[in-house]
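In what follows, a single structure is set out as structure tokens and then discussed.
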Amino acid sequence: MTGERALPYLLLAPSLLFLALLFLWPLAEAFLVAFSGPGGQWSLVNFREMAEDLNFADAVRNTLLLVAVVVPIQLALALGLGVLLGSLDRGRDGFLYIWTIPLGISDLAAGILWLAMLSERGYLNSLLAALGLVEGPVLWLSYETPLALFLAVVVAEVWRATAIVLVILVAGMQLIPKEYYEAAEVFGAGAFQRFRRITLPLLKPSIQTALILRTILAFEVFAVVVVLGGRDLPVLAGEAFAWQYDYRNAGVASAYAVLILTVSLAATWLYLRLLRVREESLA
Amino acid sequence: MKPRRFLYLSLALLASVWVLVPIYLLAISAFGGPETINAWPKGLLPARISTATLAFFFAVRGVWDAILNSILVAALTMAMSILLGAPAGYALARFVFPGKDGYRLLVLLTRAFPIAILALPLTVRFIEIGIYDTVFAVALVHTALALPFAILVSSSLFMGVPKELEEAAWTLGCSRFQAFREVVWPLARPGIAATMIFAFVVSWNEVFAASVLTLRERTLTAFLLTSLNESPLHFRFAGGLFLIVPALVFIFAVRRYLFSMWGIANR
Amino acid sequence: MARILVEDIKKTFGKFVALKSVTMEVADGEFTVLLGPSGCGKTTLLRIIAGLETADRGEVRIGERRVDHLPPRSRNIAMVFQNYAVFPHMTVFENITFGLRMQKRGSEEEIRRTARWAAELVHIESQLDKYTGQLSGGQRQRVAVARALAVRPQVLLMDEPLSNLDALLRLEMRAELKTILRECATTTIYVTHDQVEAMSLADRIAIMHGGEIEQYDTPLEIYRNPATLFCGGFIGSPPMNFLEAEAVAPGRWRIGDFELAGPAEGARLLLGIRPEDLEPAGEGEPALVGTVQVVEPLGSHLLATLRLDGRLLRFAGDADLPLRPGDTLRLRPRADRLRWFDPESERAVRS
Ligand SMILES: Nc1ncnc2c1ncn2[C@@H]1O[C@H](COP(=O)(O)OP(=O)(O)OP(=O)(O)O)[C@@H](O)[C@H]1O
Ligand SMILES: [Mg+2]
């Protein structure tokens, strides 16, 4: 029908306006605030203040470490579960539903949930006591036991956010035709061979997506850490929050935000480079 | 073959236990009354079933307001993201036009932005225009989070409705709008409902922006987060459980769409 | 009620030219069949007439109105889609009455009556309360036809509406469609792959090939006097035979050793002759002589494939002819059925 050339633009306009107002504009503003000094002039003073802060080095290190530990575990776990799902004869839907339950659970709730496990009089200590490994309640989540605190966050994050990786990978696995596996089996490929030669290469786009999404979200890790450790385990998003909310210093908070964005984009770029998916191999 | 099958089943059960047991233990922490919280060592069964903890939780000043705010924000987010997202999804699904790829790219890009970079500058602006610390302001930011998702998913939903059905309606006397109302909408409705529920959950669960953008009009997540230091353990457990339950119900309701949604939305 | 005029329509998809330049006029109440191989542009032409696709140039008139810029709903048409496009979320009854309800035509009672009438025409009156998802492909196709008939359009566009029915039902519905549409005097354009269907239904057939209409004429005329090599080869089963002929003198032509009269002009032409227009020749008569390769007894007649100077020739003869592979057969074309074609332009040459 003619005379309707404008229609798609009319339909897009509201969302475009919204995205511009709530994404592009704040984005620009965050940069502006982060890079301006007290008098509004162009300056790196916020970044200097950020870098000189006591928590800064720890926050950077902890965040990077968390990403480096959590994301690979999640990927491996999700791959394993995805393959396992394919090998089950019955009950797939049921298992899949159970495994994806954490998808609906917020990071705050997940933090609280693991607090119940790991607090002084929590279930982990009860278990350890039952096994005779500890005598009485042990304090795990404190600044005196940074390693335990770090591991607690890792466990909580793995528990909570493996589901999203799993869903993305399973969605990708469903697109791989069964015939490929049958053909490989006819040619004598074992289970591991089939996984390495068929599943992995064909799943590459999904793996890439899952890694990018998970990494970006992992750089923002916030509520889980706050619930389990307060600021005893500083992370980037937590520092941004503290500077904004407790210190009322929008400049440094924005500097943190810009930093998070920068590392997120860098990681995305890295994944795109390292896991390059050739278009023609997808045919 | 037999032992291998047994192995697979055991592994699958193990994974399920890993997911479910913490939720169960949180539930008995919340339902076990103060005795369970302080018990040492704890057993796998609650000392007794009691609603004392929950009653305490709901009796705390501000909890009901926070719950109400959470529901309001989530409902607003749901409505706004679908009202803005569905038309865009329809345009992406049905039209070929210059700028389409650019728009798509923009939508995909927005997913790479950390929430911090949105929430912090908006705080300043919202104070300026006088909507800081309102339910609406939080809903705006949550919509920004849910909208890209709503756009991509609804576009794939509309693509799933064959174009010929709409064309058939046109030849039978429908205007574009009528054809949409009579044919496309009824067919896409279940998926749209799932998308809306997803938007609801995104908002219900969001912590950072809600905490930064409110002072008195707390959502439940913001309320819990900012009172962490003052609140006793059993209060936090009850709050955590109360956060989890609606989300679980919703995810169950949309489970059929989970995979097609994520499969498409992440391409 | 309305004639259809299509003039100089061109349509491209990107670089691909789907319709080159299509011009045709369908008279008021006429039944025109679009016939052509897959991908030749039949559906595209239909969609342009319906207003679902915009042509690059050219114009479409329905009645006296120019409709190029009107949306489908204002064109007074109904269409049966190639893949049915039956609404899955409605019952058969709701599907059939959809057009009437949308156009708010008639009372509830009248709409009900019309629906029943249309459903009976296509034999689905017993399924009215079912959802279309529960129907077979053939039943859905019939719902699509009923839905289009129910609005009693001025112009009915049908894209292979019977393709999914079994042979018997197809035959029956074909006959009924023809009667109804004649009674209602609905101007109809009907797309099909099936040449028997085309011949039996059409007032006129438009043969399409590569985005063009090669011939637009009555079925018999197309069968007897194909305008192009393609038309001769496409219509008729088995198709027309084409034999290379050389001029020996003005008006005299030779195929192998066989001489016959033909057009006065030209040096090389193709002789087109239908298999049933060949007759066994008597001893001593000049004839095309070939060796029988395959014999297919079809009951009503007999089909033989002959090899003749390295070319194949099909011959349809009396079912009782005692033919065996390896036999030598002498054939004579009926003089009044000779058709000549220019091998360069692929068009027919008047003799
Ligand atoms: N939307 C489109 N985009 C690109 N090419 C198209 C489009 N629609 C049709 N075509 C091309 O135009 C040509 C004609 O298509 P059309 O559907 O009209 O053929 P048809 O004659 O109806 O074939 P069939 O008998 O198989 O239905 C085909 O080669 C097809 O690939
Ligand atoms: Mg077609």
Side-chain angles (χ1 to χ4, degrees), chain A residues 8 11-12 14-15 18-19 22-23 26-27 29-30 33 81 84 87-88 95 97-109 112-113 115-117 119 121 123 126 129-130 137 159 167-168 170-171 209 216 220 222-223 226-227 237 240-241 244-245 250 253-254 257 260-261 264-265 268, chain B residues 5 8 11-12 15-16 19-20 22-23 25-26 29 38 40-42 84-85 87-88 90-91 95 97 103 106 110 112-118 120-122 124 140-141 144 147 151 201 205 207-208 212 221 224-225 228 233 236-237 239-240 243-244 247-248 250-251 255 258-259 262-263 266:
Chain A
L11 292 170
L12 289 186
S15 60
F18 188 91
L19 288 177
L22 277 120
F23 266 105
L27 181 70
E29 195 140 339
V33 173
L81 288 177
L84 180 61
S87 337
L88 291 175
F95 281 122
Y97 171 63
I98 292 174
W99 297 347
T100 49
I101 280 177
L103 210 56
I105 296 181
S106 71
D107 41 357
L108 180 64
I112 292 175
L113 192 143
L115 185 65
M117 302 300 111
S119 63
R121 292 176 168 232
Y123 288 91
S126 301
W159 181 86
V167 166
I168 295 173
V170 169
T209 315
I216 290 172
E220 293 186 69
F222 172 59
V226 173
V227 175
F241 183 79
Q244 173 80 16
Y245 191 78
S254 294
I260 296 173
L261 178 67
S264 299
L265 290 180
T268 305
Chain B
R5 208 181 280 173
Y8 290 156
L11 285 174
S16 308
V19 171
L20 291 178
I23 299 178
L25 293 178
L26 179 69
S29 300
N38 296 321
W40 172 261
K42 286 183 171 40
L84 294 167
Y90 183 77
F95 296 91
F97 54 92
Y103 179 84
L106 173 73
T110 53
F113 292 161
I115 180 80
I117 210 153
L118 303 186
L120 299 181
L122 284 173
V124 183
L140 277 180
V141 177
L147 183 59
I151 292 170
V201 173
N205 283 342
V207 187
F208 191 100
V212 175
T221 50
L224 286 173
L225 185 88
L228 271 178
L233 271 183
R236 298 185 226 170
F237 294 163
L243 268 183
I244 290 178
L248 282 195
F250 282 150
I251 290 290
R255 68 194 181 290
L258 227 49
F259 289 88
W262 281 109
N266 287 295

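Naming convention: chains lettered A, B, ... in sequence-line order (proteins, then strands); numbering from 1 in each chain.
The shortest distance between side-chain heavy atoms of L115(A) and L233(B) falls below 4.5 Å. Side-chain atoms of I101(A) and L20(B), non-hydrogen and from C-beta on, do get closer than 4.5 Å to each other. In this structure, the side chains of P102(A) and V19(B) come closer than 4.5 Å at one or more pairs of heavy atoms. Residues N205(B) and L108(A) fail the side-chain proximity criterion, which asks for heavy atoms closer than 4.5 Å. Contact annotation: the side chain of F97(B) approaches that of L12(A) to within less than 4.5 Å [non-hydrogen atoms, C-beta and beyond]. By the 4.5 Å heavy-atom criterion applied to side chains, P22(B) and Y123(A) are not counted as neighbours.
Applying the side chain to side chain contact (heavy atoms under 4.5 Å, CB included) test to P137(A) and every residue at least two apart in sequence or in another chain returns E120(A), R121(A), W40(B). For A30(A), the side chain to side chain contact (heavy atoms under 4.5 Å, CB included) criterion is met by I117(B), P121(B), not counting sequence neighbours.
Between chain A and the residues V207(B), I151(B), V124(B), the most heavy-atom pairs under 4.5 angstrom are made by V207(B). Comparing L120(B), L243(B), I115(B) by how many heavy-atom pairs each has under 4.5 Å with chain A, the most go to L120(B). Each of G85(B), A15(B), A116(B) has some count of heavy-atom pairs under 4.5 Å with chain A, and the biggest count is that of A15(B).
What you find for F18(A) and L140(B) is that their closest heavy atoms are CZ-O, 3.4 Å. When all heavy atoms of W99(A) and S16(B) are compared, the pair lying nearest together is NE1-OG, 3.2 Å. Summarising the geometry of A257(A) relative to P114(B), their closest heavy-atom pair is O-CG, 4.5 Å, with the distance given to 0.1 Å. Scanning both residues, A116(A) and F237(B), for their nearest heavy atoms gives CA-CZ, 3.4 Å. Shown here for M117(A) and L25(B), the closest heavy-atom pair between the two residues is CE-CB, 3.4 Å.
Looking at F222(A), the atoms closer than 4.5 Å to chain B (heavy atoms on both sides) all sit in the side chain, from C-beta outward. Heavy atoms of V33(A) lying under 4.5 Å from chain B are absent altogether. Only the side chain of L228(B) comes within less than 4.5 Å of a heavy atom in chain A; its backbone stays farther off. Looking at S264(A), the atoms closer than 4.5 Å to chain B (heavy atoms on both sides) all sit in the side chain, from C-beta outward. Both the backbone and the side chain of L22(A) come within less than 4.5 Å of a heavy atom in chain B. For V212(B), the parts lying under 4.5 angstrom from a heavy atom of chain A are both the backbone and the side chain. Interface residue F23(A): backbone and side-chain heavy atoms are both found under 4.5 Å from chain B. L84(A) touches chain B through its side chain: at least one heavy atom from C-beta onward sits under 4.5 Å away, while N, CA, C and O do not. Of the two parts of I98(A), the backbone and the side chain both hold a non-hydrogen atom closer than 4.5 Å to a non-hydrogen atom of chain B. Both the backbone and the side chain of L11(B) come within contact range of chain A, judged by heavy atoms closer than 4.5 Å. Heavy atoms closer than 4.5 Å to chain B are found in the side chain of A129(A), but not in its backbone.
In this structure, F208(B) and F241(A) have perpendicular ring planes: the angle between them is above 60°, well past the 30° mark.
Between L11(A) atom CG and Y90(B) atom OH the span is 8.0 Å, to the nearest 0.5 Å. Interatomic distance, L84(B) CG to L19(A) CG, rounded to the nearest 0.5 Å: 8.5 Å. One distance of note links CG of L26(B) with CD1 of I105(A); it measures 9.0 Å at 0.5 Å rounding.
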